[in-house]
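Here the structure comes first, spelled out in structure tokens, and everything after it is commentary.
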There are 2 protein chains.
Amino acid sequence: MELVKIYECLCDPTRLRLLNVLAQGPVCVCHFQDVLGEPQVKISKHLAYLRERGLVASERQGNWVIYGLAAKPSRELRANLACLQECAQSIPVFKRDLARLKKIEPLCAWVRAGDPGKAPGQCRCG
Amino acid sequence: MELVKIYECLCDPTRLRLLNVLAQGPVCVCHFQDVLGEPQVKISKHLAYLRERGLVASERQGNWVIYGLAAKPSRELRANLACLQECAQSIPVFKRDLARLKKIEPLCAWVRAGDPGKAPGQCRCG
DNA sequence: AAACCATATTCTCACGAAGGAATATGCTTC
DNA sequence: GAAGCATATTCCTTCGTGAGAATATGGTTT
């Protein structure tokens, strides 16, 4: 059942936080590390988990990799992501993450714009 | 996170089917066996799993045990059960289960009524 | 109280998933 | 092409879960 696959993706706190952030728009991996405050391996592996199951998609942009929600989600996925967002609104962890995201949002936008010519040698996350 | 506990409950096909059936009202265990066509142990263990995590509650009625959805669900639980129902509408397995449930519904109602005086020695499920 | 029914629990096995440390890959810059 | 950065993968250990067989429990009937 595809529905079960979706719920399997949702039954880990780190993945829920990732999806909550992604609901705001595409984000690059190093920003995830910054926003969630979790180690690189953890972030990377959970993103891979979500990618293999089709919840998110990734695109390389020079040194960075940008993740975004699936382009054309199934009805079930759309419904559940909407439900998650509704629930997340009232849960502190998620609100904190979005607050931190807002602070670095300009950087995210800049990375997303993806003009390699202007890219500096080092990510400005830290 | 309580939200994760909910999703853990939802990431198994058998449990999804149980919850889908329960959305129609309380049901006794032997009827679950009949509707899902799964062995007793399986049903019983998954119901226990859901009960330990507060998604469902059980009540003994003579030889039978009747399960129902949690009386006062959290906002998150309510939202997710609603979402599940919406998704289930278009998925064959769930529709089949509800169809089979309908056939034995009078029996369910009778068990729920719970007049031990009239109870026969044997469940009429099979 | 013995037989019986519906349900629950225990035991064992196999498997997948999460976390961390170490290492590999792909780009980019010098 | 060597060094450096961001990200991915591998290896290992630990833990929870699902399934089935067998057995236990609690209530009921005779």
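So that the names make sense, note that chain A is the first sequence line, chain B the second, and so on, each numbered from 1. Excluded from the calculations below are hydrogen atoms, water molecules and symmetry mates; all remaining heavy atoms, backbone and side chain alike, are included.
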From the candidates D:dC5, D:dG26, C:dT9, the one with an atom nearest any side-chain atom of A:Asn63 is D:dC5
Which nucleotide in the set C:dA18, D:dT9, D:dA8 lies at the smallest distance from any side-chain heavy atom of A:Val29? D:dA8
Check B:His46, B:Gln40, B:Lys45 against B:Lys42 for a side-chain contact (heavy atoms from CB on, under 4.5 Å) and give me the one that passes. B:His46
Under 3.5 Å, is there a donor on one side chain and an acceptor on the other for B:Thr14 and B:Glu38? no
Looking at B:His31, does any N or O in its side chain come under 4.0 Å of the phosphate oxygens OP1/OP2 on C:dA6? no
Given atom CH2 of A:Trp64 and atom C1' of C:dT29, what is their separation to the nearest angstrom? 11 Å
Once you round it to whole Å, what is the distance between P of C:dT7 and CG of B:Leu36? 13 Å
Phosphate contact (C:dA8 OP1 or OP2) by B:Tyr67 side-chain N/O below 4.0 Å: yes
With sugar-phosphate meaning primed atoms plus P, OP1 and OP2, does A:Val41 contact a base, only sugar-phosphate, or nothing at under 4.0 Å between heavy atoms? base
Quick one: is the NZ or CZ of A:Arg17 closer than 6.0 Å to the six-membered ring centre of A:Phe94, and within 45° of its axis? no
Atom-pair distance (NZ on B:Lys45; C1' on D:dG16), nearest Å: 13 Å
Picking from D:dT7, D:dG20, C:dG19, the nucleotide nearest the side-chain atoms of B:Lys42 would be D:dG20
Rounded interatomic separation in angstrom, taking CD from A:Glu38 and P from D:dT7: 16 Å
Looking at every strand, decide which applies to A:Glu8 at a 4.0 Å heavy-atom threshold: base, sugar-phosphate, or nothing. nothing
Rounded to the nearest angstrom, tell me the gap between atom CD1 in B:Ile43 and atom P in D:dG18. 14 Å
Please report, rounded to the nearest Å, how far the P atom of C:dT28 is from the CD atom of A:Gln61. 10 Å
What integer distance in Å separates A:Glu52:CD from D:dA8:P? 11 Å
Of all the choices, C:dA17, D:dA19, D:dT7, which nucleotide is nearest to the side chain of B:His46 once you look at every atom? D:dA19
Would you say the side chain of B:Gln40 and the base of C:dA8 hold a donor-acceptor pair, judged only by whether the two atoms sit under 3.5 Å apart? yes
Nearest of D:dT7, D:dG26, C:dA8 to any side-chain atom of B:Arg60? D:dG26
Hey, does the side chain of B:Ser44 come within less than 4.0 Å of C:dA8's phosphate (OP1/OP2), counting only N and O? yes
Co-membership, hydrophobic cluster, residues A:Val41 and A:Tyr67, 4.5 Å side-chain: no
